[in-house]
Amino acid sequence: MNREDIYNGITDIRDDQVEEAGAVSRSGKKALSGRKWRKWWTIPAAAVLMAAIIAGVLWGPWSNPLRVYAISTAEYPRQAKYSLLNEDPWREGRRERFQYGDIYAGTLERYTTTILPGLLTGAGSENRVCSPINVYMGLSMLAELTEGESREQILKLLDCDTIDTLRTRAGALWNANYAEDGTVTSIPANSLWLNEDLDFNRRTLDLLSETYYASSYRGKMGTRGFDRSLREWVDQNTNGRLKNQSSGLSMEPDTVLALVSTFYYRAKWSQKFSKDATAPGQFHTPNGDITADFMHETIESTYYWGEKFAAVSKYLKNSGYMWFLLPDESVSMDELLTDSSTMEFLGTVTGFLSTEESWEDSKYMKINLSLPKFDVVSDLDLVDSLKALGITDVFDPYEADFTPMLGDASQYRLPLPPYVSSVKHAARVTIDEEGCEATSYIEMIGAGAAAPPDDEVDFILDRPFLFAITGEDGALLFAGIVNQP
Amino acid sequence: MEDNEIIRLYHQRNEEAIAQTELAHGAFCRRLAFRLLSSREDVEECINDTWLAAWMRMPPDWPTSLRAFLGRITRNLSISRFRKNRAAKRYAGMEILLSELEECVPDKGADLQLEREMLSGIISRWLDSLDKEDRLLFVRRYWYAETVKDLAAESSMTANQMAKQMQKLRDSLRQELKKEGMEL
């Protein structure tokens with residue numbers, strides 16, 4: 001008998017034993033229940049907004065005074081809250097969520113590795129944050145509103161052959177990443193803001209409501225009341241984290257429709273940073289040194305390296321991981337973002353559940369981690385980025401095809417057919433810790449893009465770095481560059 | 001589509017069966033293969049072979065659990081691929097898994113031989129004798145090939161603690177196999 005015989009014997013264990021473990025596998029149910037509930041400490045929070053404004057030029061006269069009609073309000077699935085006394089309903093809810101992840105697992109890699117360089121390069125010395133999942137959701141809805149080449153270009157970027165495939169994946173992505181269970185808050189929210197002077201295809205609106213949990217509102221474009229409703233919706237769905245960005249949102253009288261998606265995420269480290277170890281230290285920004293508060297801890301974890309970076313991850317309780325990629329000192333951030341090895345790494349950790357086996361250049365070891373607390377925000381216009389990624393027709397009034405949304409647009413006597421006039425994408429990610437108490441700062445050597453020297457390594461994020469937050473299913477929720485913590 | 005409906009399509013020789021299998025179980029099989037083979041190219045070939053094997057075996061087979069049925073095919077194809085290409089490629093997941101399972105081999109000097117069916121029966125009965133939590137852990141690690149790190153993270157344990165727990169389970173299985181072998 002040898003080890004392969006044992007492997008084969010295990011392969012053929014009874015179906016019920018496979019099913020029993022499969023029901024728990026990826027459900028997040030604790031593998032062992034020996035540990036008691038822990039108090040959590042450090043909190044990454046993130047919020048994002050994507051707004052696509054679809055414009056035409058309407059001929060008056062404008063009708064109706066200030067009124068906003070809710071055509072449909074999405075009803076989100078109810079989730080059992082975590083209860084220490086009875087965990088079962090909560091676990092069942094998580095198990096159901098995970099099953100959605102199976103539908104699209106392994107299918108987002110190409111999209112992720114294409115969109116990331118497109119959105120994050122060119123930040124210069126500024127911070128930049130994006131949410132690939134939020135852009136995916138916004139583009140999915142845009143694909144539903146379009147037809148012909150307009151839709152095909154979106155499907156191509158999202159790596160889907162048909163709109164049915166996209167619908168299945170996007171719906172599953174929403175369901176897998178919606179969590180409001182008292183342990184993790186992860187809320188993708190979608191909405192449509194419709195010009196009341198036009199008739200929209202009710203069937204399309206119903207489809208968006210059913211698949212994407214999109215709420216639809218109708219009102220008078222270019223009025224303060226309608227703009228205020230939109231901002232309130234954004235603030236409510238991002239927990240007020242993007243007020244500066246939402247305050248700039250407005251719809252012009254010629255707006256046909258605004259498509260607005262948000263994503264709010266909040267989770268907690270499973271293993272806290274000690275407040276006593278937090279201390280000010282020097283962060284080397286592209287414009288010179290600044291002082292930042294650094295959190296320090298020693299962990300046993302997997303250390304990864306590639307041709308131009310080194311990386312570690314930190315587990316978010318009942319959720320996914322936060323990844324920190326430190327480029328080699330001679331490598332610029334834009335160089336890192338266009339490096340195939342880096343994208344392959346991100347594709348690997350987001351395409352499947354992260355495992356130490358999935359990236360050959362990795363080692364499980366003691367890591368002395370130094371991480372600056374940060375609050376990074378950016379506000380991007382995505383039109384040029386999306387055009388560069390092959391989505392062009394929706395921005396051209398003479399090419400855009402919005403038939404599923406409006407039917408025959410010529411009935412409205414529009415001198416210009418509807419087209420997408422702007423796509424705003426605002427995102428913010430914060431890592432913070434209650435009440436820092438400075439003690440000491442230990443200066444350590446920087447990690448480079450090479451194999452670690454022994455069984456212990458210092459990983460000091462004291463110069464611009466890349467971060468990524470993956471959900472419990474591996475989907476890339478947020479990514480960003482910290483140039484100024 | 002329900003699994004029984006998918007199986008019915010196979011029995012009707014309807015090629016839609018493969019598309020529906022891909023939709024319902026593609027990600028699961030792909031993830032399992034990736035954990036074992038760690039190479040995207042090999043995973044895709046392995047998955048294509050899995051669909052072909054499923055097509056060849058249904059009919060006559062009508063699996064009670066389509067997931068377990070497909071997973072078994074994927075595992076069998078993965079180890080075949082490992083045997084064939086191991087000299088040229090590094091299948092990290094499989095290598096780690098097998099090196100751990102080496103510890104379950106009882107009394108190597110005695111060269112105990114058991115039929116595959118008999119061996120799986122012993123392992124299933126041994127799994128029945130375990131606490132549910134230990135049983136789930138073992139199957140998740142050695143059937144689903146989930147990593148020690150991921151299992152540890154879910155359990156609020158360190159990877160080292162989880163590795164020790166796994167070692168206990170492997171020791172227990174080795175003892176069981178040794179006992180069964182002596183009784184033959």
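Computed from a predicted model, the values in this text were never measured in an experiment. What's counted below: heavy atoms across the whole structure, side chains too, no hydrogens, waters or symmetry copies. Quick note on labels: first sequence line is chain A, next is B, and so on, each numbered from 1.
Not one N or O on the side chain of A:Q17 forms a donor-acceptor pair closer than 3.5 Å with the backbone of B:L127. A:R3 contributes no side-chain N or O that, together with a main-chain N or O of B:L101, makes up a donor-acceptor pair within less than 3.5 Å. At distances below 3.5 Å, not a single donor-acceptor pair connects side-chain atoms of B:S120 with backbone N or O atoms of A:I13.
Of the inter-residue distances, the one linking A:Y7 atom OH with B:S78 atom OG reads 5.0 Å to the nearest 0.5 angstrom. A distance of 8.5 Å separates CG of B:L119 from CG of A:N8, quoted to the nearest 0.5 Å. Atom NZ of B:K149 and atom OG of A:S313 lie 3.5 Å apart (nearest 0.5 Å). Rounding to the nearest 0.5 angstrom, the gap separating the CD1 atom in B:I79 from the OG1 atom in A:T11 is 7.0 Å. For the atom pair OG of B:S124 and CD1 of A:I10, the computed distance is 10.0 Å after rounding to the nearest 0.5 Å. In this structure, the separation between CG on B:L98 and CD on A:E4 is 6.0 Å, given to the nearest 0.5 Å.
Only the side chain of B:L36 comes within less than 4.5 Å of a heavy atom in chain A; its backbone stays farther off. For B:R72, the parts lying under 4.5 angstrom from a heavy atom of chain A are both the backbone and the side chain. Proximity to chain A involves both the backbone and the side chain of B:N160, based on heavy atoms less than 4.5 angstrom apart. Heavy-atom distances place the side chain of B:F82, and not its backbone, under 4.5 Å from chain A.
Residues A:R14 and B:S65 form no side-chain contact, since every pair of their non-hydrogen atoms from C-beta on lies 4.5 Å or further apart.
Of the charged side-chain nitrogens involved, none lies within less than 4.0 Å of a carboxylate oxygen, so that A:E19 and B:R67 do not count as a salt-bridged pair. Ion pairing between a basic and an acidic side chain is recognised when a charged N comes within 4.0 Å of a carboxylate O; B:R75 and A:D12 show no such pairing.
Around CD of B:E15, the count of heavy atoms belonging to other residues, nucleotides or ligands within 6.0 Å does not exceed 12. Around the OH atom of A:Y315, the shell of radius 6.0 Å holds more than 12 heavy atoms that belong to other residues, nucleotides or ligands.
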Run the numbers on B:R116 and A:D5 for side chain to side chain contact (heavy atoms under 4.5 Å, CB included), then give the verdict.
-> CA-CA 7 Å; B:R116 179 168 172 162; A:D5 293 329; over 6 Å; no
Criterion side chain to side chain contact (heavy atoms under 4.5 Å, CB included) on B:L177 and A:I6, from CA distance to verdict = CA-CA 10 Å; B:L177 291 174; A:I6 306 280; 3.5 Å; yes
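Applying the ring-ring contact (aromatic ring centres under 6.0 Å, His included) rule to B:F138 yields the partners B:W126, B:Y142; only residues at least two apart in sequence or on another chain are considered. With sequence neighbours left out, the salt bridge (Lys or Arg N to Asp or Glu O under 4.0 Å) criterion links B:E5 to B:R8.
Shown here for A:G22 and B:Y144, the closest heavy-atom pair between the two residues is CA-OH, 3.0 Å.
For chain A, the option among B:L173, B:T64, B:D128, B:L23 with the highest count of heavy-atom pairs below 4.5 Å is B:D128. Looking only at heavy-atom pairs under 4.5 Å with chain A, the residue among B:E117, B:R83, B:H25 that has the most is B:R83.
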